[in-house]
Number of protein chains: 4
Amino acid sequence: MNVGKKMLPKQKEKKIKIFEAAREIFAEKGYENTTMSQIAFASNVAIGTIYEYFDNKEELFFYVAAERYETFDKELKIQLSGIKSAFDKIRKYIWFYFYYFQKDPVYAELWLFNIRLNKRLSASNEHPWMQQSGRVIIDMLREGQAEGIVRQDVSLYVIRHMILGSLEHAMTRWLLKGKVYDVLPYSENISDLIIEAIKKRS
Amino acid sequence: MNVGKKMLPKQKEKKIKIFEAAREIFAEKGYENTTMSQIAFASNVAIGTIYEYFDNKEELFFYVAAERYETFDKELKIQLSGIKSAFDKIRKYIWFYFYYFQKDPVYAELWLFNIRLNKRLSASNEHPWMQQSGRVIIDMLREGQAEGIVRQDVSLYVIRHMILGSLEHAMTRWLLKGKVYDVLPYSENISDLIIEAIKKRS
Amino acid sequence: MNVGKKMLPKQKEKKIKIFEAAREIFAEKGYENTTMSQIAFASNVAIGTIYEYFDNKEELFFYVAAERYETFDKELKIQLSGIKSAFDKIRKYIWFYFYYFQKDPVYAELWLFNIRLNKRLSASNEHPWMQQSGRVIIDMLREGQAEGIVRQDVSLYVIRHMILGSLEHAMTRWLLKGKVYDVLPYSENISDLIIEAIKKRS
Amino acid sequence: MNVGKKMLPKQKEKKIKIFEAAREIFAEKGYENTTMSQIAFASNVAIGTIYEYFDNKEELFFYVAAERYETFDKELKIQLSGIKSAFDKIRKYIWFYFYYFQKDPVYAELWLFNIRLNKRLSASNEHPWMQQSGRVIIDMLREGQAEGIVRQDVSLYVIRHMILGSLEHAMTRWLLKGKVYDVLPYSENISDLIIEAIKKRS
DNA sequence: AATGAATGAGTTTTCATTCAT
DNA sequence: GATGAATGAAAACTCATTCAT
């Protein structure tokens, strides 16, 4: 996503201000309980101005969602770079998932409670990043198969359900319980379990 | 849950009519986008009548949620009865999960999109069934440990995150994609993966 | 007023039960904020039963209003009996007003906040007691004029405005301030002022 | 009170339109029986627009109440200025009270039937004008005492009950009877009575 | 006579969106 | 481009009254 393509710096800044306020408030209150005037107030902009940059509330939300993914994805790629073994990559992925969401619970809320379940977003073709969001995992698994260490008898998509499901479930409970404990230690356990599950056995 | 204890049959019927309409519509549109007048219309009852039976919209939603769990739980216990091996129980559980949700997508929507993420419900102590809803899995795992076939080096709660997460993720995607394929076959693959993950190794 | 003329004792009792509950609740919450179901609950009777005895909410309220007046009036007459001098009667009246309302603030609320300002009640000819409610004062004043101690140059109706106004104002403030002080001592001061005002001077 | 400080003229006008409609309707129907949509209709404005200017129905009512007092108070002060004798001031006050309320029965209704009995308004400290509304009378009486013409043996607050009570009672009856006669002549009689009551005697 | 479930018009308030300035 | 006043449909919820039992 590109916030502010074809815009002069000044205007871009305003769009970003709105955008950041929206991100914060959507995360805090959820989509339904966020009002446009809250966003206008927080970004120090008139309500009408929001509509200069975004068609409507939902579109603004989708932009926020897209940006979240891009940021996560960019950092993820950095984290994964240089790692050879598929299993190590997977471990890194899992660790990064917990690390990133615990560090930025605003994003965690946004993703787990609002974005990932949005039907309209899920259906829309304008937001292909969503479909690709799980591509990394498939790729890692395929590499593992090429390495000969990941089993070939189970659909990679099923494995991805297991991986993402485990992570999302753990994080969701963490949020619902009030973020009162440290989730990062889950990383190792879950990695162990998952690698044991997908390891090729002779 | 008991819809309509102490009520005459006629009244009980009306409460059930409202209840069923609510269940359907909550599942279809989610909590926020369901209106009391939609429920009234669908149950062929005046708006005021809903308030004769349920204090407010949220209470009605929670009743629906509770009933969902009880029905699932009751059938689940029947399915599990007579099975000795912990692994077989887990396989049965996973199979039943897919079977039940695919058979009753109204419940699936309700659970996956509304109930499990409801903060107020999650926080409330009046709804202990919610906390107990994952007890079965812990019990099965403990039995497996007693049998000597489930690993002891990983927290059972982490394992539960993996199990429930895998199932929820698979079902959620199925719903978001429009229920256009058969999820039941996932059951075997996921069972295999999970058992491989938790199996005790010497 | 006669609550339950032509009724068998049993039915009369039920009407009285409703009536007493209504009196209490109207006084406590005011007309607008009292609901028929509150009255039904408090009188241990079905809502429909109230409508067996009273046409509607307003009529019930008017009955309560009438009864209040009758009770006050009856006690007042006893208090005044045997007193000869018009001034002493007036003093007694004023004392009794404070005494009665302070003793029964439920009635005070009812009268001062609800009944005396009700336009429909004021207009209705079915409730002649209301018009007569100030008759006693006019009578006392006339006696005073006959005695030759009350001035004749001012309309008795104006004097009555002064007397009732003084009492109502003092009591109203007492209620609005939360009934935290004793109003009875006002009695003597106000009596002094009023007698000084109406005394015939040569 | 200042309706519309910091507002551009156009907006100020709209606020005033709403305000005036509210005043009229509150006076006519009372607080409980006035609806926001009636006010919206009468001021030729959308319902939502009312909420742009006033937080809620009660606040709107309190604004109306405050304005009433200020207008009355301002004119009163003009009327009283230049008068030396306390008794003349009191006579003027009484005359003005009748004059003002008879001239503007909308205000009379508002004050006598709604404002002066409002418990929440009475309790709130945000509306100090209410408490000060009777200050003028106390001041006049004190001046009279300083002049040596007003008795010192009776609490000024009791005297105020008598004065305000007399006026309010007379006006209230006038309204309840349909404003079919002239109240202004009461002014002299009531003044006579009150001065006779409070005159210092040796 | 007694009931109380059922009604639905009516209430206050919210808020995404528009559009004249 | 920027504004924010204005909009009004729509929401949850209330409650006096009715009427079949």
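Bear in mind the structure is a predicted one, so any value in this text is a computation, not a measurement. Every chain is numbered from 1, with letters handed out A, B, ... down the list of sequences.
Of the candidates E/dT3, E/dA6, F/dA5, F/dA5 carries the atom nearest the D/Y53 side chain, counting heavy atoms from C-beta on. With E/dA6, E/dT3, E/dG8 as the candidates, the nucleotide lying closest to the side chain of B/A46 is E/dG8. Listed nucleotides E/dA6, E/dA2, F/dA2 differ in distance to C/K14; the shortest reach to its side chain belongs to E/dA2.
Using a distance-only test at 3.5 Å, with no hydrogens or angles considered, a donor-acceptor pair links the side chain of C/E59 to the main chain of C/D55. With hydrogens and angles disregarded, no donor-acceptor distance shorter than 3.5 Å links the side chain of B/S37 to the backbone of B/A40. Side-chain N or O atoms of C/E20 include none that pairs as donor or acceptor with a backbone N or O of C/K17 at under 3.5 Å.
Under the Watson-Crick or G-U wobble criterion, with both distances below 3.5 Å, F/dA16 is paired with E/dT7. Under the Watson-Crick and G-U wobble criteria, each requiring two contacts below 3.5 Å, nucleotide E/dT21 is paired to F/dA2. Using Watson-Crick or G-U wobble geometry with both donor-acceptor distances under 3.5 Å, E/dA1 finds no partner in any strand shown.
To the nearest angstrom, C1' of F/dA10 lies 17 Å from CZ of B/F41. When rounded to the nearest whole Å, the span between NZ of A/K17 and C1' of F/dA2 equals 12 Å. F/dC13 atom P lies 15 Å from atom CD1 of B/I18, rounded to whole Å. Look at CD1 on B/I39: it is 8 Å from P on F/dA12, rounded to the nearest Å. Following rounding to the nearest Å, B/F54 (CZ) and F/dT14 (C1') show an atom-to-atom distance of 18 Å. As a whole-Å value, the separation of B/E52 CD from F/dA16 P is 13 Å. As a whole-Å value, the separation of A/I50 CD1 from E/dT18 C1' is 14 Å. One can place CG of A/N44 at 13 Å from C1' of F/dT3, the figure rounded to the nearest angstrom.
When ring centroids are compared, B/Y63 and B/F54 come within the 6.0 Å threshold.
Both the sub-6.0 Å distance and the 45° axial angle are satisfied by C/K119 relative to the ring of D/F113. Judged by a 6.0 Å distance limit and a 45° cone about the ring axis, D/K57 is positioned over the six-membered ring of D/Y31.
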Polar atom pairs (N or O), protein with nucleotides 10-14 of chain E, under 3.5 Å:
from   : atom 1 : to    : atom 2 : distance (Å)
E/dT12 : OP1    : D/T34 : O      : 3.3
E/dT12 : OP1    : D/K57 : NZ     : 2.9
E/dT12 : OP2    : D/M36 : N      : 3.1
E/dT13 : OP2    : D/Y51 : OH     : 2.9
E/dT13 : OP2    : D/K57 : N      : 3.2

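Of all the heavy atoms in A/I115 and A/R68, the pair that sits closest is CD1-CD, 4.2 Å.
Distances shown here put every side-chain N or O of B/T49 at or beyond 4.0 Å from the OP1 or OP2 atom of E/dA5.
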